[in-house]
Amino acid sequence: MSQPSQQPTGWSRHDMARLAARDIHDGAYVNLGIGIPELVTQHVPPDHEVIFHTENGLLGVGPSPAAGSEDPELINAGKKPVTAIAGAAYFHHADSFAMIRGGHLDVSVLGAMQVSSRGDLANWSTGEADAIPAVGGAMDLVAGVKRVVILTEHTTKTGEPKLVAECTYPLTGCGVVDRVYTNLAIIDVTPEGFVAQEIAPGITFRELQEKTGAPIIDGRPRSESQ
Amino acid sequence: MSQPSQQPTGWSRHDMARLAARDIHDGAYVNLGIGIPELVTQHVPPDHEVIFHTENGLLGVGPSPAAGSEDPELINAGKKPVTAIAGAAYFHHADSFAMIRGGHLDVSVLGAMQVSSRGDLANWSTGEADAIPAVGGAMDLVAGVKRVVILTEHTTKTGEPKLVAECTYPLTGCGVVDRVYTNLAIIDVTPEGFVAQEIAPGITFRELQEKTGAPIIDGRPRSESQ
Amino acid sequence: MIQKRWSSPADAVADIGDGASVMIGGFGEAGSPIELIHALVDKGSRNLTVISNNTGSGRVGLAALIANGQVARMICSYPRSTNSMVFPELYRAGKIELELVPQGTLAERIRAGGAGIPAFFTATAVGTQLGEGKERRTFDGRDYVMERGLRADFALVRADRGDRHGNLVYTKTARNFGPIMCMAAKVAIVQVRQVVESGCIDPEAVVTPGIFVQRLVEVPCPEQESHLVKEGRCYP
Amino acid sequence: MIQKRWSSPADAVADIGDGASVMIGGFGEAGSPIELIHALVDKGSRNLTVISNNTGSGRVGLAALIANGQVARMICSYPRSTNSMVFPELYRAGKIELELVPQGTLAERIRAGGAGIPAFFTATAVGTQLGEGKERRTFDGRDYVMERGLRADFALVRADRGDRHGNLVYTKTARNFGPIMCMAAKVAIVQVRQVVESGCIDPEAVVTPGIFVQRLVEVPCPEQESHLVKEGRCYP
């Protein structure tokens, strides 16, 4: 009996978050964007201590509060209730963005609408005439944080590639992305363009290239390449 | 019997400080320079509350501590021990000068080497080749504080005028001085130059003009003029 | 004697006239001075320029001020959120202007305004739509845009406690834009949960020194914006 | 686990090499990290650029570092005081360079460096010798000069208490340049009177959040510079 052919989907969102968390060094200061990046908190390796920053004025974001003990004055940048760890600190917005702009944060984990092979990021506006433009802190994060990594599905809901040769949406920043974690692969942005460092189980390099809007170099160790 | 003729000296330093304090409005935020300006704290009218700022990070400077209870970590800009009032606040240097530069202080009371009739102030350097230049916060104060008043002897120890047509010493600021309190008079700096508003008892307008290095207009109410 | 305490929100905002620029604190509802905003709705001043990170939720607070047609222009970083419909409607209808500013640039422009800095350079927005038309300059091999300091006639801010000298402490992430808006406004009007005796706030822990605050109003039990929104309330 | 505590001043400064730029906190002796400075004297690094408000007193602390010939260049606002003779001597002899900066401009340049601002405009020093050679520009009818942000390889700072995350609180006017120097240095080294458990410092009252601090050394009973000067002490 032959199984019905299924489109392989690669990693789950939690897999992606786990892979991103694995690459964050012990002791790092990290800002997480809204969406898939929020899952990273759940996957920090047990022997690592990572300090989470939220740009609305807290260093040392803790886990979500138990139901019923939410404090409307203790929220993250996505305006969701959070807690604070022992050793946390509160500060005002100018000090918070001094941390970001001044290069004090180690990693910014963001979602994306498009990433170009030069590392341009578009994640704030569709550019449609009717859209209400809203940027928040994304442009500050990509301009200031030492390392910018993206967690995103590899393609849009309609199957369009999000990794592209040129972004068609308005940019958040130019040449700012270091690495992209998608459901299909971990891809570095290098001077030579996209380089796949790891590919999800069940996905071939060819499939990866087909779903990507720009050439990808296979950068995996020879033993892992298919 | 005739008294031996004496050079009238006008107001004492405490008189000068009292006159300056009289003109500081209730509720004002005031920074005091080193020297005669420090005496102003002792002459605030009893029905006035004035908040003293010291640029090294304290708003609400209180009186000098009793002997033996000095705290080397609670000092003013002249590095003398002070106290803090109830309702004081400590802050770092950038915040302190944000108060100054941002125009939040009402009055800066400073000493002077020279003041020109255009309101230029020289009070930080003799310009001598051998001198160690040291500016501290004077340039920030004159550039930022709403009202800059000077407390100074009218002439140097050798009798040279300190109020001049043009400063010969290096400037602290251009066109920054609003009013000068000397031992001889209270003098405003106006678009027309120096204008005497009040003259010390026993001093004639003519004597005042003689000891001043630029023309003075007699701005006293007619009834007070001699 | 210094006494910055005013009797009511209505009194404290009574001189905010038509055409005034008003900074409004808060990040979402956290730190939003809802009673002061409602007093400004009651006052009815029009043609306001409002500087605030968001544009409010539902039809209370900042959203009520906008819905009431009092705001001609918004300077903000994020004018939409889950329960935000007032601003989008007016914006699409061309009835309100928007100056969109990256959040960190907005914060730094406000801080600069308060600190007497007329302009500064930042790498944020270089090469993007929001950097277009701005003076660009290279320092040490990196490109930056010039941004201007931002001041306002008034600030409406919410803090936790204050004393008659105007010293303030805040609560957790409700601090956000409050301290810098107090610095950048000619008249900073602050609602606090409690007015305490001078000396009750540890001078080492004061967040906003009193010099930056002109008026203080005690509102012991402020309304919770999200509750009002959930209940579908409209102000007034 | 994050553990920013180091065992001793000597360890904490061991990698400050020749030619490094070092910010040193303190306004006079208040907040001066005397044990860290003495460790740097012991270490003997030369050709340093030191950024500090003053130049020390007597022959201890910063004055000892200068007297020891380790400092090639000082960036400061007030290089003389009652008991300051080391710097003046070397300066007159042409053996040390001086960049004199108005105190508020110095503070803002350090804060800007720490906040990722490469340059800003200020009215301070316009029309004076210290404004000469600087780019001048008019905003809204007033003249300003452009000043550059200032960063350093290291900062030596004294605070009161700190925790393993690097959160700091200070004492009174000993706070002065500490917080902004921690922001502006690649490696901020802080001596504290006491290292406390994380959570012991109220997160609302933290003055320097730990992200700005790399190394913490406990010095429970620091030397008092003015006492040493009075006793005519010399370091080493």
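Proteins get letters first, then strands, A, B, ... in listed order; numbering begins at 1 in each.
- Heavy atoms of C:Arg142 lying under 4.5 Å from chain A belong exclusively to its side chain.
- Heavy-atom distances place both the backbone and the side chain of A:Leu74 under 4.5 Å from chain C.
- Per-residue counts of heavy-atom pairs under 4.5 Å with chain C were compared for A:Gly57, A:Ala94, A:Gly136; the largest is that of A:Gly136.
- The two residues C:Gln224 and A:Pro72 come nearest to each other via the heavy atoms NE2-CB, 3.3 Å.
- For C:Tyr91, the part lying near chain A is the side chain, with the backbone staying farther off; criterion is any non-hydrogen pair under 4.5 Å.
- C:Leu106 does not touch chain A: none of its heavy atoms, backbone or side chain, sits under 4.5 Å away.
- Ranked by heavy-atom pairs shorter than 4.5 Å toward chain C, the options A:Val142, A:Ile100, A:Leu171, A:Val135 are led by A:Val135.
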Check your understanding: Where do C:Asn54 and A:Lys79 land on the side chain to side chain contact (heavy atoms under 4.5 Å, CB included) test, with the steps shown first?
Key -> CA-CA 11 Å; C:Asn54 305 104; A:Lys79 300 186 179 115; 2.9 Å; yes

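- Nearest heavy-atom pair, C:Gly127 versus A:Cys174, reported as atom, atom and distance to 0.1 Å: O-SG, 3.6 Å.
- Annotation for A:Lys146: atom NZ counts as buried by contact number, over 12 foreign heavy atoms lying within 6.0 Å.
- Contact of A:Tyr90 with chain C is made through backbone and side chain together, with heavy-atom distances under 4.5 Å.
- The nearest pair of heavy atoms linking A:His93 to C:Ile180 is CB-CD1, 4.3 Å.
- Neither the backbone nor the side chain of A:Ser96 comes within contact range of chain C, judged by heavy atoms closer than 4.5 Å.
- Contact of C:Phe87 with chain A is made through the side chain alone, with heavy-atom distances under 4.5 Å.
- Counting only distance, with no hydrogens or angles, the side chain of A:Asn56 and the backbone of C:Asn176 share no donor-acceptor pair below 3.5 Å.
- Atom CG of residue A:Leu141 and atom OG1 of residue C:Thr124 lie 9.0 Å apart, to the nearest 0.5 angstrom.
- In plain terms, the two heavy atoms of A:Ile132 and C:Pro88 that are nearest each other are CD1-CA, 3.6 Å.
- Among the candidates C:Ala174, C:Ala112, C:Gly131, the residue making the largest number of heavy-atom pairs closer than 4.5 Å to chain A is C:Ala174.
- Interface remark: A:Asp95 contributes no atoms to any contact with chain C (heavy atom separation under 4.5 Å).
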Check your understanding: Stepwise, does the side chain to side chain contact (heavy atoms under 4.5 Å, CB included) test hold for C:Gln129 with A:Trp124?
Key -> CA-CA 11 Å; C:Gln129 277 182 3; A:Trp124 71 282; 3.9 Å; yes

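- When every heavy atom of C:Pro102 is checked against every heavy atom of A:Asp140, the shortest pair comes out as CB-OD2, 3.6 Å.
- For C:Val207, no part lies under 4.5 angstrom from a heavy atom of chain A.
- Contacts of C:Thr105 with chain A are made by both backbone and side-chain atoms, with heavy-atom separations under 4.5 Å.
- By number of non-hydrogen pairs under 4.5 angstrom with chain A, the leading residue of C:Glu225, C:Arg109, C:Glu108 is C:Glu108.
- A:Arg101 contributes a side-chain N or O that, together with a main-chain N or O of C:Gly104, makes up a donor-acceptor pair within less than 3.5 Å.
- A donor-acceptor pair under 3.5 Å links the side-chain atoms of C:Thr173 to the main chain of A:Ile75, judged by distance alone.
- In this structure, the portion of A:Ala131 lying under 4.5 Å from any heavy atom of chain C is its backbone and not its side chain.
- Side chain of C:Arg80 to backbone of A:Pro133: no donor-acceptor contact under 3.5 angstrom is found.
- When every heavy atom of C:Arg175 is checked against every heavy atom of A:His92, the shortest pair comes out as CD-N, 3.7 Å.
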